[in-house]
Amino acid sequence: MSNTEHLATMGLFDAKVPRYTSYPTAPQFTGNVNGGTHCDWIKAIPEGAEISLYVHIPFCRRLCWFCACRTQGTQTDAPVIAYLEVLKAELAHLAEILPAGVRLSRLHWGGGTPTLLSPVMIRDLARSIFAVAPLAGYGEFSVEIDPNEIDGFRIAALMAAGMTRASVGVQDFDPTIQAAIGRSQSYEVTRDAITLLRTAGVASLNADILYGLPHQTRARMTESVQRLLSLGPDRVALYGYAHVPWMAKRQQLIPTSALPTPEERLNLFETARRLFLWDGYAEIGIDHFAMKGDGLEIAQRTGRLRRNFQGYTDDAAEHLIGVGASAISRFPQGYTQNAAATAAHMAAIREGRFSTSRGHALSREDRLRAAMIEAVMCDFRIDMEKMKALGADPAWLRAEFKSVASRFPGVTLARDEGFEILPEGRPLTRMIAHGFDAYELARAGHSSAV
């Protein structure tokens with residue numbers, strides 16, 4: 001039996017599991033956590049702490065069919081202007097209750113399409129953000145860039161505001177695939193945007209590319225990756241396209257019959273993976289690649305790699321505050337999420353309150369399992385001593401390790417010093433992490449008590 005066949009017997013091609021950018025995952029959030037909780041957790045941030053701030057811009061000039069993010073289309077600036085006024089009010093409310101001396105270790109503008117903002121809007125939003133807290137001296141300010149929606153004026157405004165990292169969406173360069181996913185973006189448009197960014201002084205550039213798209217073949221994947229490599233990104237996220245038309249209605253426009261089979265998806269991933277490795281990139285976790293010396297590569301090498309809602313990160317901040325519709329915040333005490341609908345979020349802010357609609361307060365077991373799952377996703381191993389330092393009972397840990405290893409024989413190891421995923425088992429990482437998910441265990445009728 002080949003390794004692929006062995007992995008298939010353990011669910012590689014048919015298991016549907018989360019990406020584990022948080023634990024518990026968002027489906028476990030409930031309405032028991034509200035705006036009062038959100039306020040209390042912000043006020044509990046230590047004075048002088050460094051935090052992360054995520055700013056959500058939910059607007060796009062066009063709605064790509066493959067995207068499952070919370071976005072809305074607009075051809076005019078009127079709704080954007082109204083939203084920004086509310087966003088500034090939300091930031092002002094945050095400033096009122098944020099403890100003194102807080103600085104930003106990371107600032108990220110996501111969406112949607114943050115670069116549909118005009119230069120004036122960019123400068124105005126940046127002023128409002130830095131009135132809340134300044135960027136730490138070594139802090140990073142990253143912005144998601146749509147090459148179709150950027151120019152030199154907006155780049156100049158972002159650079160003047162302090163942007164240090166640009167994240168460019170690519171997805172795929174093949175015109176047939178682009179037509180099937182509603183995303184027209186030529187190589188030349190992408191190249192010109194990256195040239196503008198580099199010329200303006202952007203020191204670090206990320207790119208996103210997808211596998212599992214309709215009409216993708218290994219030859220087309222090879223061509224797109226080689227074109228991307230010619231642009232010299234410092235980091236690449238190689239995400240698998242998730243076809244969920246029952247959740248993201250626009251995906252109903254994508255021809256299901258043209259999607260690759262699960263086996264073909266694996267081949268597409270491996271094709272891209274080999275190309276990145278051959279070009280000198282380090283493999284980071286399950287789906288990222290970084291040049292040697294990049295922050296992610298250093299974090300992985302030194303055991304400081306983390307996982308959050310943007311994927312892998314080297315940000316060590318314990319607090320991440322999300323502002324804007326649907327944004328999620330992470331605190332040591334738990335998670336909070338703003339109202340998903342833009343109208344509901346804006347109404348709450350205009351009433352002088354946060355729009356927190358749901359969340360989750362972490363239990364002791366949640367914290368332990370979150371640490372275990374993050375270790376699996378980042379390092380492919382769980383260190384027994386580190387878990388004991390967090391208060392985990394060694395006997396409970398050994399039982400957990402043995403239980404999960406028994407479900408993934410030949411590709412995992414459970415030993416006294418910890419748990420490990422062998423290299424040949426890494427395509428199963430999300431499924432193995434799923435084995436430590438107490439909520440899934442409970443749904444399946446298994447006990448999960450620490």
Identify the two heavy atoms, one from Leu63 and one from Gly73, that lie closest to each other, and give their separation to 0.1 Å. CD2-N, 3.7 Å

Report yes or no: does Glu47 contribute a side-chain atom to a donor-acceptor pair with the main-chain N or O of Val102 at less than 3.5 Å? no

If we ignore hydrogens and angles and just use 3.5 Å, is the side chain of Gln178 paired with the main-chain N or O of Asp172 as donor and acceptor? yes

Under the 3.5 angstrom rule, does the side chain of Arg61 hit a backbone N or O of Thr113 as a donor-acceptor pair? no

Is a side-chain donor-acceptor pair under 3.5 Å present for Tyr20 with Asp437? yes

Across all chains, not counting sequence neighbours, the ring-ring contact (aromatic ring centres under 6.0 Å, His included) partners of His108 are Tyr54

Is the Phe141 ring parallel, tilted or perpendicular to the Phe130 ring (thresholds 30°, 60°)? perpendicular

Under the ring pair (Phe, Tyr, Trp, His ring centres under 6.0 Å) rule, what do His38 and Phe331 come out as? Steps first, then yes or no, please. CA-CA 9 Å; His38 186 69; Phe331 303 92; 5.7 Å; yes

Return the set of residues passing salt bridge (charged side-chain N to carboxylate O under 4.0 Å, His left out) with Asp287 (not counting sequence neighbours), or none when no residue passes. none

What pair of heavy atoms forms the shortest contact from His243 to Trp246, and how long is it? O-CH2, 3.6 Å

Under 3.5 Å: donor-acceptor pair, side chain of Glu264, backbone of Thr217: no

Going by atom types only, do Gln171 and Asp208 share a side-chain donor-acceptor pair under 3.5 Å? no

Between Ser357 and Gln337, do the side chains contain an N or O donor and an N or O acceptor separated by less than 3.5 Å? no

N-O pairing of Glu374 and Arg307 below 4.0 Å: no

Check whether the side chains of Arg218 and Thr271 place a donor and an acceptor atom closer than 3.5 Å, and report yes or no. yes

Can you tell me if Ser105 and Asp315 form a side-chain donor-acceptor pair at under 3.5 Å? yes

Give a yes-or-no answer on whether the side chains of Asn32 and His360 include a donor-acceptor pair shorter than 3.5 Å. no

Can you confirm whether the side chains of Thr37 and Asp40 place a donor and an acceptor under 3.5 Å from each other? no

Any salt bridge between Asp379 and Lys386, counting N to O under 4.0 Å? no

Testing the 3.5 Å rule here: is there a donor-acceptor pair between the side chains of Arg165 and Asn206? yes

Are the side chain of Arg426 and the backbone N or O of Phe380 linked by a donor-acceptor pair below 3.5 Å? no

Apply ring-ring contact (aromatic ring centres under 6.0 Å, His included) to Phe173 and list each qualifying residue two or more places apart in sequence or on a separate chain. Tyr187

The side-chain hydrogen bond (donor to acceptor under 3.5 Å, both in side chains) partners of Asp234 (sequence neighbours excluded) come to Arg198

Quick one about Arg19 and Thr21 (side-chain donor to acceptor, distance below 3.5 Å, no hydrogens or angles considered), yes or no? no

If the plane angle is over 60° it's perpendicular, under 30° parallel, otherwise tilted; pick one for Phe29 and Tyr335. parallel

Which residue pairs pass the side chain to side chain donor-acceptor pair (under 3.5 Å) test with at least one member in residues 114-126, sequence neighbours excluded? Lys88-Asp124

Any donor-acceptor N/O pair, Gln300 side chain to Gly285 backbone, under 3.5 Å: yes

What is the minimum heavy-atom distance between Tyr312 and Met377, and which atoms define it? OH-O, 2.6 Å

Any side-chain donor-acceptor pair under 3.5 Å between Glu50 and Tyr138? yes

Considering all heavy atoms of both residues, which atom of Ala339 and which atom of Ala344 are nearest to each other, and what is their separation? CB-CB, 4.0 Å

Would a distance-only check, ignoring hydrogens and angles, find a side-chain to backbone donor-acceptor pair under 3.5 Å from Glu96 to Leu91? no

Checking Asp77 side chain against Val80 main chain: does a donor-acceptor pair fall under 3.5 Å? no

Heavy-atom neighbours of Glu318 CD exceed 12 at 6.0 Å: no

Donor + acceptor pair across side chains of Thr71, Arg250 (<3.5 Å): yes

Within the distance-only criterion (no hydrogens, no angle test), does the side chain of Arg350 pair as donor or acceptor with the backbone N or O of Val86 below 3.5 angstrom? no

Asn148 versus Gln185, closest heavy-atom pair with distance: ND2-CB, 3.5 Å

Run the salt-bridge test on Lys292 and Glu297 with the 4.0 Å N-O cut-off and return the result as yes or no. no

Return the minimal non-hydrogen interatomic distance between Ala375 and Ile382, and the atom names on each side. CB-CG1, 4.2 Å

Using the side chain to side chain contact (heavy atoms under 4.5 Å, CB included) criterion, which residues pair with Ala207? Sequence neighbours excluded. Val170, Leu228, Pro233

